[in-house]
Amino acid sequence: MEHFKSRIKELSKSYLSEAISIRRHFHQHPELSTEEFKTAEFISKKLTEWGIEHQTGIAKTGIVGVIKGNNPDSFVVGLRADMDALPIEEQTDVDYKSQNTGVMHACGHDAHMASLLFTVKILHELRHELNGSVKFIFQPSEEKYPGGAITMINEGVLENPSPQIMLGMHVMPGLSAGVVGFKSGKYMASTDEIYITIKGKGGHAATPNLNIDPITTAAQTIIALQQVVSRFAPPMMPTVLSFGRIEGLGRTNIIPDEVTIQGTIRTFDEIWRKKAHQLIIDICENTCKSFGAQAEVFIDKGYPYLVNDEEVTSTSTQWAKDFVGEANVEALDLRMTAEDFAYFSHQIPSCFYRLGIDIPNTNTLLNLHSNTFNLHENALENSIGLMSWLTINWLKH
């Protein structure tokens, strides 16, 4: 395996400049979920240029391909990168700033695509020395429900051939470039969107006795809903219930007829998740009823929690230490953020790990989903090399 390690490091280093250029192309031309047509066209053109067979149009804009080594049916490793950008107006001053107004690669998917492209290129070049196959997936619409992962799965992306394991990677602010992070077991939360409409009776603010005030009812409802976490959540069960939008279109002297509230609930257990949904509905209906108002609650069930297979992740962690050095591999904590790679993790033993991207001498954390997000592009060398190394080890193990 030392031969493969030195070869991979050599190739990932030699491809770094081109990978950075392609990452910048993606960054300049971001596309929203389900609209990744030009992105897919660019990826397909590169794969074709490199002589790598693939299929397009999966889940509308997704791409899938298989690299076959010796004994191609003996073992199959699945690799996935997401493609979509976010509806954010970029506020950086880089020369490769987004050219699409109101759209930005603020979650690193540009780096994910560039990394997987060159991982695929390396594995294709080494295919005659591999046992088994590599199935690579460029997946659209990670940022928007219902998510591209489940759509691609429903369209058969995990069949013919079926991967024995899946690997996925995501950039991570807070980790230095050159560092990677792993966590076995449950890692990222399920995520559900909550939509509440509180219907009262509007009127003049100076005559509250003639109204059924949805504003005060909404305030009491939000406070009452905090009991879902503080009083009902099982011990040691991480749960987040947050509300990011409340809208009542009245004025200083006008009580509106209704108020709408939007929020999210996230956790790590399907039984508790279902119970929490019912608690939210019950608390909303009963609280509003006590004020003479009515509540309509819709909970849009989103991605499941992401679970990293213990064996796949612990083994991959050891191989990562061998590749980047033990000091550059960190243990990760639970995250309440969500990721639709979770659908793959519930179908196939998986490992979803993190790539450090922090820019040296930068005091400000360039956080994901922010309009100033950026990354240390030299991290791409580490990303390309590590995923190639992990894949080859799984095919050789």
Side-chain angles (χ1 to χ4, degrees), residues 1-9 11-12 67 69 74-82 108 111-112 115-116 118-120 122-123 126 129-137 139 149 158 161-172 175-188 305-335 339-357 379-397:
M1 294 301 291
E2 288 301 314
H3 158 71
F4 279 111
K5 187 196 299 185
S6 60
R7 184 76 176 121
I8 289 169
K9 288 194 173 186
L11 288 170
S12 57
I67 299 170
S74 60
F75 198 86
V76 182
V77 176
L79 307 177
R80 172 269 201 178
D82 38 16
H112 301 172
S115 293
L116 183 55
F118 284 92
T119 298
V120 169
I122 289 174
L123 294 171
L126 300 177
E129 301 178 62
L130 305 180
N131 286 312
S133 299
V134 180
K135 190 166 204 177
F136 58 88
I137 300 167
Q139 178 219 300
L158 297 182
S162 298
Q164 272 75 51
I165 69 159
M166 288 285 295
L167 300 177
M169 177 277 295
H170 201 296
V171 299
M172 185 173 181
L175 285 181
S176 298
V179 175
V180 291
F182 291 81
K183 186 187 185 309
S184 294
K186 294 178 180 179
Y187 174 44
M188 299 180 73
Y305 64 84
L306 189 154
V307 57
N308 279 330
D309 181 82
E310 298 280 352
E311 180 182 354
V312 174
T313 305
S314 61
T315 302
S316 296
T317 303
Q318 291 305 311
W319 288 333
K321 290 177 179 178
D322 186 39
F323 190 77
V324 301
E326 188 167 354
N328 292 318
V329 178
E330 294 192 8
L332 301 174
D333 295 324
L334 279 174
R335 287 180 67 88
E339 163 66 59
D340 82 340
F341 185 87
Y343 287 114
F344 294 116
S345 79
H346 283 266
Q347 296 264 352
I348 293 171
S350 298
C351 175
F352 189 77
Y353 59 95
R354 294 280 174 166
L355 177 76
I357 56 163
L380 290 173
E381 179 182 345
N382 201 32
S383 177
I384 295 162
L386 180 58
M387 184 168 278
S388 301
W389 173 246
L390 294 177
T391 303
I392 286 176
N393 272 275
W394 278 109
L395 294 177
K396 291 284 189 180
H397 86 296

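- For the pair Glu129 and Lys396, the tightest heavy-atom approach, listed with the atom from each and the gap, is O-NZ, 2.9 Å.
- Closest of all the heavy-atom pairs between Gly385 and Ile8 is O-CG2, 3.4 Å.
- With hydrogens and angles ignored, the 3.5 Å screen pairs a side-chain donor or acceptor of Lys183 with a backbone N or O of Lys186.
- Ring orientation note: the planes of His112 and His170 are nearly perpendicular, at an angle over 60° on the 30°/60° scale.
- Gln139 CD to Tyr343 OH: the interatomic distance, rounded to the nearest 0.5 Å, is 10.5 Å.
- When all heavy atoms of Val329 and Thr317 are compared, the closest pair comes out as CG1-CG2, 3.9 Å.
- When all heavy atoms of Trp389 and Met1 are compared, the pair lying nearest together is CZ3-O, 3.5 Å.
- The distance from the OG atom of Ser316 to the CD atom of Glu311 is 9.5 Å, given to the nearest 0.5 Å.
- Interatomic distance, CD1 of Ile348 versus CG of Leu167, reported as 11.0 Å (0.5 Å rounding).
- Residues forming a ring-ring contact (aromatic ring centres under 6.0 Å, His included) with Trp394 (at least two apart in sequence, or on another chain): Trp319, His397.
- Within the 4.5 Å cutoff, the side chain of Val134 has heavy atoms near those of the Leu395 side chain.
- Between Asn393 and Asp322, every side-chain heavy-atom pair lies at or beyond the 4.5 Å cut-off.
- One distance of note links CE of Met188 with CG of Leu306; it measures 6.5 Å at 0.5 Å rounding.
- At distances below 3.5 Å, at least one donor-acceptor pair connects side-chain atoms of Ser345 with backbone N or O atoms of Ala342.
- Taking the side chain as every heavy atom from C-beta outward, Thr119 and Ser388 approach each other to under 4.5 Å.
- The shortest distance between side-chain heavy atoms of Met172 and Tyr353 does not fall below 4.5 Å.
- Here CD1 of Ile122 is found 10.0 Å from OG1 of Thr391. Values are rounded to the nearest 0.5 Å.
- Of the inter-residue distances, the one linking Met166 atom CE with Gln347 atom CD reads 10.0 Å to the nearest 0.5 angstrom.
- A donor-acceptor pair under 3.5 Å links the side-chain atoms of Gln164 to the main chain of Val76, judged by distance alone.
- Here the side chain of His346 pairs a donor or acceptor atom with the backbone of Tyr305 at under 3.5 angstrom.
- Under a 3.5 Å cut-off, the side chain of Ser314 and the backbone N or O of Glu310 do form a donor-acceptor pair.
- Ion pairing between Glu339 and Arg80 holds under the 4.0 Å rule for side-chain N and carboxylate O.
- For the pair Pro161 and Lys135, the tightest heavy-atom approach, listed with the atom from each and the gap, is O-NZ, 2.8 Å.
- Closest non-hydrogen pair, Leu386 versus Phe323, comes out as N-CE2, 3.6 Å.
- Looking only at side-chain heavy atoms (C-beta outward), Ser115 and Met169 come within less than 4.5 Å of each other.
- Side-chain contact check for Leu130 versus Ile392: some heavy-atom pair is nearer than 4.5 Å.
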